[in-house]
Amino acid sequence: MAKAIAQYFKRIFDDYQVLVMVNPTDFTGTELIVHPDGKIEKTEMEFDEEIFEDLQEDEFKPCGALEFQLTLAKA
């Protein structure tokens, strides 16, 4: 069975940014919040089936896996 490819999203707010990784198979993932002081907050998440619509509604844009993984490495 092929492994699902995670999807990555990002939104930049006034003084922080949020990056989200979603596994489309089981709707689990990780949220990273990058604070202005450089602190990175990591939260394991369980989403519902409407996560992609929710992210679009909240103006998140697709981003690359590399950007997410580099940020995660700093957490």
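This chain uses plain numbering: 1 for the first residue, then up along the sequence. Computed from heavy atoms alone, side chains included, the values below leave out hydrogens, waters and symmetry copies.
The side-chain heavy atoms of Y8 and L19, taken from C-beta on, include no pair separated by under 4.5 Å. Side-chain atoms of F27 and M45, non-hydrogen and from C-beta on, never get closer than 4.5 Å to each other. Between T30 and V22, the closest side-chain pair of non-hydrogen atoms is not below 4.5 Å. Taking 4.5 Å as the limit, every side-chain heavy atom of Q7 sits out of range of all side-chain heavy atoms of P62. With a 4.5 Å cut-off on side-chain heavy atoms, I33 and E31 count as touching. Two residues are said to be in side-chain contact when any heavy atoms from C-beta on lie closer than 4.5 Å; I12 and V18 fail this criterion. No side-chain heavy atom of F68 sits under 4.5 Å from any side-chain heavy atom of V20.
Residues L70 and L72 do not share a hydrophobic cluster, defined by chaining ILVMFWY side chains whose heavy atoms lie under 4.5 Å apart.
Proximity of a side-chain donor or acceptor of R11 to a complementary backbone N or O of Q17 within less than 3.5 Å is not detected.
For E50, the CD atom sits in a loose shell: 12 or fewer heavy atoms of surrounding residues, nucleotides or ligands are nearer than 6.0 Å.
Note on ring orientation: taking the six-membered ring where Trp is involved, the planes of F52 and F9 are tilted (angle from 30° to 60°).
A75 and I40 get closest at one heavy-atom pair: CB-CG2, 3.7 Å. H35 and Y16 make their closest contact through CA-CB, 4.2 Å (heavy atoms, listed as atom of the first residue, atom of the second, distance). Residue T71 comes nearest to E67 through the heavy atom pair OG1-O, 2.9 Å, listed as atom of the first residue, atom of the second, then distance. Nearest heavy-atom pair, P24 versus A6, reported as atom, atom and distance to 0.1 Å: CD-CA, 4.1 Å.
To the nearest 0.5 Å, atom CD of residue Q56 and atom NZ of residue K61 are 8.0 Å apart. If you take CG on L32 and CD on Q69, they are separated by 9.0 Å, rounding to the nearest 0.5 Å.
Counted by atom type alone, T28 and E46 present zero donor-acceptor pairs between their side chains at under 3.5 Å.
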